Amino acid sequence: MAGLRIEHLYKRYENSGKKKKVQNDYAVKDLNLVAEQGEFIALLGPSGCGKTTTLRMTAGLEEITKGDIYIGDTLVNNLHPKDRHIGLAFEDYAMYPPLTVYDNIAFNLKAKGVDKAEIDKRVREIAPLMQCDDLLDKMPVKLSGGQKQRVNIARAIIRRPELLLMDEPLSHLDGKARQAMRTEIKRLINDIKCTTVYVTHDQLEAMSLADRIAIINFGVLQQYGTPAEVYDDPVNEFVASFIGEPPMNILETTIIGEGNHFLFTFENSNLKIEVPERYNNVVSNGFKCKMGVRPMDVLIGGADSKGTPEEVATFENLGDERRIGIHVGETLLMLITEDETRYKAGDIIKLEVRGEKTHLFDLETGERIRSK
């Protein structure tokens, strides 16, 4: 087991034509990242953000434009993938159809000339961990998607890698199978205690599996922290809106002074929210910014509430929770409630917002505005 260190990593692709070569923008730009020994790291971001490219450079499947990658204390920039002591589980299962599950799992060890007795010992150790010990005599064509992915991961970890790399391994599974495999992966990593880098565009996977999450957009690292840190303390509007389901409400606001405090106000809306005192030293009367608040921090007030009366625009009953949409100007503000009342469009509710849970973001840059 070894840690991973990525220093000032860049990747730029070139499209070569008959007349000239065209250099694209950087797919990965100045990425710095450290994963400690035994840590589970998720690379999270939208499609095309550079997360898989980063994983492939770490694996040695893509050339590095600039920067350094260390696995443990070893600089691996110029090492062949087979010499990097890694295990790699692809998005596609890439199993060998003519081989049984046993032979698929054992393939890498056989290619290395490992003794047959040692191979059998390792297969018998790994198969129960991935709950595929009853599949060893079957052919890939007989397996479900979830079973194929178990075999795919077993094949990656049988090499006893120092670093396990997983590229969206659950993307082809349906919702129920994904949930089951998330649990299996979490249990597996706890058992083998292997440093793991996991690529996903699914924030639920990242939040439930990872010790730390690296959120990437347009090839640039936006924030690197624990699930709690990126959820409760996002550094910018992108992170705030990307993490959380449903996502954080982001509304443009003009702050006005009223007495000895400030209020968030919104164009074409009567909604007013008190600005937390911690922001008093960074806001002023007429200050414009974006205000963010998570749906669970928007509440339905009771009969004696002083909240602003608002009209229900949408209502979704999801069984364990209800989601209500309220028009605030041109923006749909979402709230989550466990209240079992069934609302319909046009119903009036009193809206309360936990002002202390709000975040401020710069109108132009989207960067978080923090109290001084």
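The shown structure was predicted, so the numbers you read here are calculated from the model rather than taken from an experiment. All values below come from the heavy atoms of this structure, side chains included, with hydrogens, waters and symmetry mates left out.
Note that NE2 of His359 is 15.0 Å distant from NZ of Lys290, once rounded to the nearest 0.5 Å. Here the CG atom belonging to Leu188 is positioned 8.5 Å from the CE atom belonging to Met181, to the nearest 0.5 angstrom. Interatomic distance, Thr365 OG1 to Leu363 CG, rounded to the nearest 0.5 Å: 9.0 Å. Between Arg354 atom CZ and Met296 atom CE the span is 9.5 Å, to the nearest 0.5 Å. One distance of note links CD1 of Ile256 with OG of Ser284; it measures 12.5 Å at 0.5 Å rounding.
Side chain of Asp211 to backbone of Glu39: no donor-acceptor contact under 3.5 angstrom is found. Between the side chain of Asn32 and the backbone N or O of Glu7, no donor-acceptor pair lies under 3.5 Å. Under the 3.5 Å distance criterion, the side-chain polar atoms of Thr200 are matched with a main-chain donor or acceptor of Asp202. With Thr65 contributing its side chain and Arg12 its backbone, the two residues share a donor-acceptor pair below 3.5 Å. Looking at Gln203, its side chain does come within 3.5 Å of a backbone N or O of Gly244 through a donor-acceptor pair. Put simply, the side chain of Asp68 never gets that close to the backbone of Asn77: no donor and acceptor are under 3.5 Å apart. With hydrogens and angles disregarded, a donor-acceptor distance shorter than 3.5 Å links the side chain of Arg187 to the backbone of Leu129. Side-chain N or O atoms of Arg212 include one that pairs as donor or acceptor with a backbone N or O of Val34 at under 3.5 Å. Side-chain N or O atoms of Arg159 include none that pairs as donor or acceptor with a backbone N or O of Asn108 at under 3.5 Å. Counting only distance, with no hydrogens or angles, the side chain of Thr253 and the backbone of Thr265 share a donor-acceptor pair below 3.5 Å.
Side-chain contact check for Glu62 versus Tyr13: some heavy-atom pair is nearer than 4.5 Å. Contact annotation: the side chain of Glu162 never approaches that of Thr195 to less than 4.5 Å [non-hydrogen atoms, C-beta and beyond]. Leu109 has its side chain out of reach of Glu118: every pair of non-hydrogen atoms, C-beta onward, lies at least 4.5 Å apart. Under the 4.5 Å side-chain criterion, counting only non-hydrogen atoms from C-beta, Phe242 is in contact with Pro46. Within the 4.5 Å cutoff, side-chain heavy atoms of Ile326 are placed close to those of Ile349. Contact annotation: the side chain of Lys11 never approaches that of Leu31 to less than 4.5 Å [non-hydrogen atoms, C-beta and beyond]. Annotation: side chain of Leu4 is not in contact with side chain of Ile41 (no heavy-atom distance under 4.5 Å). The shortest distance between side-chain heavy atoms of Ile185 and Glu205 does not fall below 4.5 Å.
In this structure Phe361 satisfies the ring-ring contact (aromatic ring centres under 6.0 Å, His included) test with no other residue, sequence neighbours excluded. A search for ring-ring contact (aromatic ring centres under 6.0 Å, His included) contacts involving Tyr96 returns Phe107, not counting sequence neighbours.
At a cut-off of 3.5 Å, with distance as the only test, no side-chain donor of Thr308 or Asn270 sits close to an acceptor on the other residue. One side chain, Tyr343 or Asp339, offers a donor N or O that lies under 3.5 Å from an acceptor on the other. Of the N and O atoms on the side chains of Asn236 and Gln222, at least one donor lies less than 3.5 Å from an acceptor on the other residue. Using modelled atom types, one finds no donor on one side chain facing an acceptor on the other under 3.5 Å when comparing Glu277 with His261.
Under a 4.5 Å side-chain heavy-atom criterion applied to ILVMFWY residues, the cluster that includes Leu332 comprises Met334 as well.
Shown here is Lys186, whose NZ atom has more than 12 heavy atoms of other residues, nucleotides or ligands within 6.0 Å. Heavy-atom contacts from other residues, nucleotides or ligands closer than 6.0 Å to CZ of Phe287 number more than 12. In the displayed structure, Lys29 atom NZ is contacted under 6.0 Å by at most 12 heavy atoms of other residues, nucleotides or ligands. Under a cut-off of 6.0 angstrom, the local environment of CD in Glu330 is sparse, with at most 12 non-hydrogen atoms contributed by other residues, nucleotides or ligands. Within 6.0 Å of CD on Glu316 lie more than 12 heavy atoms contributed by other residues, nucleotides or ligands. Other residues, nucleotides and ligands contribute more than 12 heavy atoms inside 6.0 Å of the NZ atom of Lys350. More than 12 heavy-atom neighbours from other residues, nucleotides or ligands sit within 6.0 angstrom of CG on Asp191. Within a 6.0 Å sphere centred on CD of Glu125, other residues, nucleotides and ligands contribute more than 12 heavy atoms.
Between Tyr102 and the choices Asp133, Asp120, Asp137, the side chain to side chain donor-acceptor pair (under 3.5 Å) rule is met once, by Asp120. The one candidate from Arg182, Arg178, Glu245 that meets the side chain to side chain contact (heavy atoms under 4.5 Å, CB included) condition with Leu204 is Arg182. The one candidate from Leu221, Leu33, Leu43, Val199 that meets the side chain to side chain contact (heavy atoms under 4.5 Å, CB included) condition with Thr54 is Leu43.
With respect to Glu321 and Arg323, a salt bridge is recorded, a charged nitrogen being found less than 4.0 Å from a carboxylate O. Under 4.0 Å is where a charged nitrogen must lie from a carboxylate oxygen, and between Lys121 and Asp115 no such pair does.
Shown here for Val123 and Pro128, the closest heavy-atom pair between the two residues is O-CD, 4.4 Å. Here the closest heavy-atom approach between residue Leu165 and residue Ala59 is recorded as CD1-CB, 3.7 Å. Between Gly87 and Pro161 the shortest heavy-atom distance is N-CB, 3.2 Å. The two residues Ala156 and Leu164 make their nearest non-hydrogen contact at CB-CD1, 3.9 Å. Closest non-hydrogen pair, Met248 versus Pro234, comes out as CE-CG, 4.5 Å.
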Query raised in the report: Stepwise, does the side chain to side chain contact (heavy atoms under 4.5 Å, CB included) test hold for Asn152 with Met95?
Result: CA-CA 7 Å; Asn152 185 24; Met95 297 180 67; 5.6 Å; no
**Report entry** Trace of the salt bridge (charged side-chain N to carboxylate O under 4.0 Å, His left out) decision for Asp167 with Arg56
**Finding:** CA-CA 9 Å; Asp167 186 11; Arg56 290 177 62 83; 6.0 Å; no
Requested in this report: Dump the intermediate steps for side chain to side chain contact (heavy atoms under 4.5 Å, CB included) on Lys148 and Leu135, then the final yes or no.
Outcome: CA-CA 10 Å; Lys148 288 178 181 178; Leu135 306 175; over 6 Å; no
Requested in this report: Before giving the answer on side chain to side chain contact (heavy atoms under 4.5 Å, CB included), spell out for Val230 and Leu44 the whole-Å C-alpha distance, their side-chain angles and the decisive distance to 0.1 Å.
Outcome: CA-CA 11 Å; Val230 298; Leu44 175 67; over 6 Å; no
Query raised in the report: Could you go step by step and tell me if Glu168 and His201 meet the side-chain hydrogen bond (donor to acceptor under 3.5 Å, both in side chains) rule?
Result: CA-CA 8 Å; Glu168 304 211 45; His201 64 272; 2.6 Å; yes
Report task. Carefully, step by step, assess Arg124 and Leu136 under the rule side chain to side chain contact (heavy atoms under 4.5 Å, CB included). Result -> CA-CA 9 Å; Arg124 304 293 174 184; Leu136 296 178; 3.3 Å; yes
